[in-house]
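Report on the structure given below.
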Amino acid sequence: MTINSENVVGSEIYDYPAPIELDGAAMNTYRDEFVAANKDGKGKMGIYVKFTANVISTGNYTNFVVEGAETKCSAYQPTEATKALFKKGEDAVITGYMMSVNLDRNTGEPTYLNFIITSVNGTATAPMAEDNPYVPAPTPVESVPANSLYTYNGSAWSLASNVVTLTNDDYTAMGQKYGNLSGTLPETLLPVFLKNKFPYALADDVKYVAYKYYGSDKSTTVRCKELTYNGSEWVMNTNVDVVTEQYVKTKGSWMFNPNVTISIPNVRQSEPGLTFYQTTVDWVKANEGEGYIDRGNSEFFSGCSAFYCNVNHDISQVEKYASSMWPDMTQSVVIPKMRENFLYVTMPATLKALYPEANLIDGYTQPIVYEIDYVTYYGSSAYDGKSGNVNDTVRYEVTGKADFKLIYSTWLGGEVKGE
């Protein structure tokens, strides 16, 4: 194999993009995007912005506020020269990168927006290099031949995932001088190959290995094997399906039972509530409107909160976060409607999204029931004689594929008939 190298020297000068000019409303919007991205675990790239703010403190804690913005702003690790550009009590035109949002450790509410400052009132915080650019010495870059496998979906080609294609170097490392495998060598060598290539594989990881095979008819074909890591070694798939079904012991006998019980404890951001209620929130946002959504993880159409893992029917919270969606904020109007939305709209939609294969089973004559045990939070605003946290239950019967009918609710006094 020949390895080629080439030196590449760049000479292009980088120009800063035009900053996004922010007012208070726009700053609130970007703040919410940063908070949502961090809670999703994805993070968000910094945004190059420009705005006018009033300086409220200087020195090690250089802070400023923007008219109309709900959250204070802070200069992130400014140099002494940068600190000197700010004058307490005066307005400043600031350019820089919005990088992150600080949250209160108790309430989770935003406290500060953090900025890396690039200029204040037109004065740059660091010298520019346009007039005397630094060009580093070229670094040799080696070129190594490699194979890849692509799939076609009918309109575009994309790199196949979890697929490894053997290269000439791989065959050589296996002791094969003809660039292929033959006989039972795939079964013997491929598990060893994957163990060496992926030393940190996790149990149940799956890889597909594409290779050239030399058959007894002296022809060479391309084949592919599926292997699964069992925690200690890679095992080749024998194409035998293992079916797992649920059984419950009743009166001394094990009986097939496809019923599902979903118990959601009132523990912040814990499973299964985190995934279950976030599915509900996402459905409400897509189908009922963003006006019901609070910070991306709670909705006040039916009250589900992926952050608190409960159903929030505190009328004061509804008024605080979704008053625009409820023209009449009377508790006796809002809470019954939220209950109705929960029982007949969001829960069937959530079950359909999370259990799309739920269906009737041939030969099984008993009702198939999905039960959800959850906590309703009323706060100090008592409703129906209840306040604080209350344990509730709702049950649905499967009537078709991903089709659920309400049959029981503690809110409705128990069994529901004629739905």
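Just the heavy atoms: all of them, side chains too, but no hydrogens, waters or symmetry mates, feed the values below.
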*asked:* Could you walk me through whether Asn63 and Ser74 satisfy the side chain to side chain donor-acceptor pair (under 3.5 Å) test, starting with their C-alpha distance in whole Å, then the side-chain angles of each, then the deciding distance to 0.1 Å, before giving a yes or no?
replied: CA-CA 4 Å; Asn63 301 323; Ser74 179; 3.1 Å; yes
For the pair Lys72 and Leu113, evaluate side chain to side chain contact (heavy atoms under 4.5 Å, CB included) and give the outcome as yes or no after the intermediate values. CA-CA 6 Å; Lys72 295 178 182 178; Leu113 303 178; over 6 Å; no
*asked:* If you apply the rule side chain to side chain contact (heavy atoms under 4.5 Å, CB included), what do you find for Val390 with Tyr377, and how did you get there?
replied: CA-CA 6 Å; Val390 179; Tyr377 176 71; over 6 Å; no
Given Glu299 and Asp282, is the side chain to side chain contact (heavy atoms under 4.5 Å, CB included) satisfied, shown in steps? CA-CA 9 Å; Glu299 55 85 15; Asp282 293 343; over 6 Å; no
Requested in this report: Mind running side chain to side chain contact (heavy atoms under 4.5 Å, CB included) on Lys39 and Val35 for me, showing each step along the way?
Outcome: CA-CA 6 Å; Lys39 288 183 178 179; Val35 172; 3.8 Å; yes
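When all heavy atoms of Asn359 and Gly400 are compared, the closest pair comes out as OD1-C, 3.3 Å. Nearest heavy atom pair, residue Ile264 against residue Gly273, reads CG2-CA, 3.5 Å. Taking each heavy atom of Tyr321 and Arg295 in turn, the nearest pair found is OH-NH2, 3.0 Å. In terms of heavy-atom proximity, Pro348 sits nearest to Leu343 at CD-O, 3.5 Å. Minimum heavy-atom separation, Tyr383 to Pro336: OH-CG, 3.1 Å. Considering all non-hydrogen atoms of both residues, Val416 and Leu412 come closest at CG2-CD1, 3.8 Å.
Judged by distance alone, with hydrogens and angles left aside, the side-chain atoms of Asp217 form a donor-acceptor pair with the main-chain N or O of Ser219 at under 3.5 Å. Although no hydrogens or angles enter the test, the distance criterion places no donor-acceptor pair under 3.5 Å between the side chain of Asp40 and the main chain of Lys42. The main-chain N or O of Val318 is never found under 3.5 Å from a side-chain atom of Asp294 such that the two would form a donor-acceptor pair. Of the possible donor and acceptor atoms, none in the side chain of Gln278 sits under 3.5 Å from a partner among the backbone N and O of Ala306. Listed for the Lys352 side chain is no donor-acceptor partner under 3.5 Å among the backbone atoms of Met347. A donor-acceptor pair under 3.5 Å links the side-chain atoms of Thr118 to the main chain of Thr95, judged by distance alone. The backbone N or O of Thr399 sits nowhere less than 3.5 Å from a side-chain atom of Asp403 that would complete a donor-acceptor pair. For the pair Thr275 (side chain) and Pro272 (backbone), a donor-acceptor distance under 3.5 Å is absent. Looking at Glu80, its side chain never comes within 3.5 Å of a backbone N or O of Lys83 through a donor-acceptor pair.
Distance check, rounded to the nearest 0.5 Å: CG of Leu274 to CG of Asn297 gives 9.0 Å. For the atom pair CH2 of Trp283 and CD of Glu288, the computed distance is 4.5 Å after rounding to the nearest 0.5 Å. Going from atom OH of Tyr378 over to atom CD of Gln331 covers 9.5 Å, rounded to the nearest 0.5 Å. Interatomic distance, CG of Asn102 versus OG1 of Thr71, reported as 10.5 Å (0.5 Å rounding). In this structure, Thr167 OG1 and Asp170 CG are separated by 3.5 Å, a value rounded to the nearest 0.5 Å. Note that the CD1 atom of Ile335 and the CG atom of Asp384 stand 11.0 Å from one another [nearest 0.5 Å].
When each of Thr261, Asp373, Thr410 is tested with Thr393 by the rule side chain to side chain donor-acceptor pair (under 3.5 Å), just one qualifies, namely Asp373.
Heavy atoms from other residues, nucleotides or ligands lying under 6.0 Å from NZ of Lys212 number 12 at most. The environment of Tyr61 atom OH is sparse: at most 12 non-hydrogen atoms of other residues, nucleotides or ligands sit within 6.0 angstrom.
Within the 4.5 Å cutoff, the side chain of Val398 has no heavy atoms near those of the Lys405 side chain. With contacts defined as side-chain heavy-atom distances shorter than 4.5 Å, the pair Val101/Tyr112 does not qualify. The shortest distance between side-chain heavy atoms of Phe193 and Tyr171 does not fall below 4.5 Å. Taking the side chain as every heavy atom from C-beta outward, Asp392 and Val311 never approach each other to under 4.5 Å. Residues Val394 and Leu406 have side chains in contact (heavy-atom distance under 4.5 Å, counting atoms from C-beta outward). Taking the side chain as every heavy atom from C-beta outward, Phe342 and Cys304 approach each other to under 4.5 Å. Here the side chains of Phe301 and Val345 are in contact, with some heavy-atom distance below 4.5 Å. Using a 4.5 Å heavy-atom threshold, the side chains of Phe115 and Ile94 count as separate.
For Asn230 and Thr228, the side-chain atoms include no donor-acceptor pair closer than 3.5 Å. At a cut-off of 3.5 Å, with distance as the only test, no side-chain donor of Asn180 or Ser182 sits close to an acceptor on the other residue. There is a side-chain donor-acceptor pair under 3.5 Å between Asn114 and Ser100. Between Thr346 and Asn341, the side chains place no donor N or O within less than 3.5 Å of an acceptor N or O (distance only, hydrogens not considered).
For Tyr292 and Phe300, the ring centers are positioned 6.0 Å apart or more. Checked against the 6.0 Å centroid threshold, Tyr152 and Trp157 count as a close aromatic pair.
Under the rule for a side-chain hydrogen bond (donor to acceptor under 3.5 Å, both in side chains), the partners of Glu70 that lie at least two apart in sequence or sit in another chain are Arg31. Here Glu187 pairs with Thr184, Lys225, Met236 under the side-chain contact (heavy atoms from CB on, under 4.5 Å) rule; sequence neighbours left out. Shown here are the side-chain contact (heavy atoms from CB on, under 4.5 Å) partners of Lys285, two or more places apart in sequence or in another chain: Glu290, Ile293. Scored by the ring pair (Phe, Tyr, Trp, His ring centres under 6.0 Å) test, Tyr370 finds Tyr355, Phe404 as partners (sequence neighbours excluded).
For residues 196-210, every residue pair satisfying the side chain to side chain donor-acceptor pair (under 3.5 Å) rule, not counting sequence neighbours, is listed here: Tyr208-Glu226. The side chain to side chain donor-acceptor pair (under 3.5 Å) pairs that include a residue from residues 306-320 are Asp314-Ser316, Asp314-Ser381, where partners are two or more places apart or lie in different chains.
Classification of the Trp411-Tyr374 ring pair by plane angle, with boundaries at 30° and 60°, yields perpendicular. Ring orientation note: the planes of Phe86 and Phe64 are close to parallel, at an angle under 30° on the 30°/60° scale.
Ion pairing between Lys401 and Glu357 holds under the 4.0 Å rule for side-chain N and carboxylate O.
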